[in-house]
Peer 1: 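Input: one structure, supplied below.
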There are 2 protein chains.
Amino acid sequence: MDDRRGPHLLFLTDEQLKKGIEAMFFAYKGFTADPDRILEQYGYGRAHHRAIHFIHRSPGTTVNNLLGILGVTKQSLNRVLRTLVEDGLVESRVGTRDKRERNLTLTERGQALEADLSDAQRTRMRAAYREVGPDAVDGFRKVLEAMMDPDMRRHFNALKDPE
Amino acid sequence: MDDRRGPHLLFLTDEQLKKGIEAMFFAYKGFTADPDRILEQYGYGRAHHRAIHFIHRSPGTTVNNLLGILGVTKQSLNRVLRTLVEDGLVESRVGTRDKRERNLTLTERGQALEADLSDAQRTRMRAAYREVGPDAVDGFRKVLEAMMDPDMRRHFNALKDPE
DNA sequence: CAATTTACGTCAGTCTTGTTGACTTTACCA
DNA sequence: TGGTAAAGTCAACAAGACTGACGTAAATTG
């Protein structure tokens, strides 16, 4: 018989997998807690955060692209985007190449909020990373990527990589 | 000068941390996608899933305990719990030790749905785990736990560990 | 060039899931 | 006995998702 046990094959009980599921649940709560507190002061929610984040990440992106990344309807995104433009955090300019498109960028005030939110979230993540070491960080990223839907992984990999 | 570079100190750029943040966002979407599809057929949402999950995990748990784990208001939880009891998925029995408490358990039908949801979620997680190997899984869990709020970590660790 | 498709925006209505605040009943406890 | 705790409920509200329908402007295609 072929005994394939060893470092290359995982024997994971349902209980172990459930602990992983629960870890995701609790960690995601922590992950969003800090920015949520900041957003509350501005009267914004997570939806605003996500829009700001990805506009910052891909300046000049279009509405359609953002829809693909966020995976929501245009009505849902539009509600958020409208308030951000009205409040002067996001600028929406008619596209140069294709005038049907709108190129979205953060204004100075938008960038300031982005920096605030990002700092809070990075601080927690940096603390977690430091606590557990580089190998764990590597594994963390690998598992997360493997858990994504292929569509989302495509979007994820399309984002600019750190050099 | 004290040169502390080496395996014990991480040099993480903001860009690298942002990729981690984005990975969490995209992965969480994938993480919830499968159960969401099942729940839709029952007319339930994620809130129902969470209640079912943690009642399954701690049979006989009380409403108060569940409130602590989920981090929502009792009005919010009650709405969900009521429909689950009405639909015959959850049983609420007056506590034996303390008659003010209600001990929550899954009925047979509740257990069946839990198994369905759990299977879907575990399948994805198992696939991810197998893809990346045991070391990565270990790192994944460590980072997640480090990212939790202390309160949540307490709840997390209070859950039965796999032997 | 005319017809179609695409990108965006918007109006209206619905649903889930969270919130606050107030109030009741029952039970425990000091 | 009087205070506190657990649970349940009513009402009102808000964020953020959804569907469906419609309009406009620009690009694309036959």
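The analysis underlying the following values was restricted to heavy atoms, covering all of them including side chains, and did not include hydrogens, waters or symmetry mates. First the proteins, then the strands, lettered A, B, ... as listed; each starts at 1. Computed from a predicted model, the values in this text were never measured in an experiment.
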Peer 1: For Tyr44(A), which residues count as a ring pair (Phe, Tyr, Trp, His ring centres under 6.0 Å) partner, sequence neighbours excluded?
Peer 2: His48(A)
Peer 1: For Lys142(B), give me all partners under side chain to side chain donor-acceptor pair (under 3.5 Å), at least two apart in sequence or on another chain.
Peer 2: Asp138(B)
Peer 1: Taking salt bridge (Lys or Arg N to Asp or Glu O under 4.0 Å) as the test, write out the residues that go with Arg126(A), two or more places apart.
Peer 2: Asp14(B)
Peer 1: Run the side-chain contact (heavy atoms from CB on, under 4.5 Å) test against Thr62(B) and tell me which residues pass, sequence neighbours left out.
Peer 2: Asn64(B), Asn65(B), Glu101(B), Asn103(B)
Peer 1: Of the non-hydrogen atoms in Leu144(B) and Gly20(A), which two are nearest, and what is the gap between them?
Peer 2: CD1-O, 4.5 Å
Peer 1: Please find the earliest and latest nucleotides of DNA chain D, in the 5' to 3' direction, that have an atom within less than 4.0 Å of any heavy atom of chain A.
Peer 2: dG16(D) to dA27(D)
Peer 1: State, without any angle test, whether Glu22(B) and His155(A) hold a side-chain donor-acceptor pair at a distance under 3.5 Å.
Peer 2: no
Peer 1: The criterion is ring pair (Phe, Tyr, Trp, His ring centres under 6.0 Å); which residues satisfy it with Phe25(B), sequence neighbours excluded?
Peer 2: Phe54(A)
Peer 1: Mind checking side-chain contact (heavy atoms from CB on, under 4.5 Å) for Asp34(A) and listing every partner two or more places apart, or none if nothing turns up?
Peer 2: Arg37(A), Ala120(A), Arg124(A)
Peer 1: The criterion is side chain to side chain donor-acceptor pair (under 3.5 Å); which residues satisfy it with Asp116(A), sequence neighbours excluded?
Peer 2: none
Peer 1: Please list residues of residues 65-85 of chain B whose heavy atoms come under 4.0 Å from any atom in DNA chain D, ordered by number; otherwise none.
Peer 2: Lys74(B), Gln75(B), Asn78(B), Arg82(B)
Peer 1: Name all residues meeting the side chain to side chain donor-acceptor pair (under 3.5 Å) criterion together with Arg102(B); count only those two or more places apart in sequence or in a different chain, and write none if there are none.
Peer 2: none
Peer 1: Look only at the side chain of Arg93(A) and the backbone of Thr105(A), and say whether a donor-acceptor pair between them is shorter than 3.5 Å.
Peer 2: no
Peer 1: Please report the shortest heavy-atom distance between Ile55(A) and Val90(A), naming the atom on each side.
Peer 2: CD1-CG2, 3.9 Å
Peer 1: Name every residue in residues 94-101 of chain B that has at least one heavy atom under 4.0 Å from any atom of DNA chain C, in order of residue number, or write none if there are no such residues.
Peer 2: Asp98(B), Lys99(B), Arg100(B)
Peer 1: For DNA chain D, which residues of residues 25-51 of chain B approach it to below 4.0 angstrom with any heavy atom?
Peer 2: none
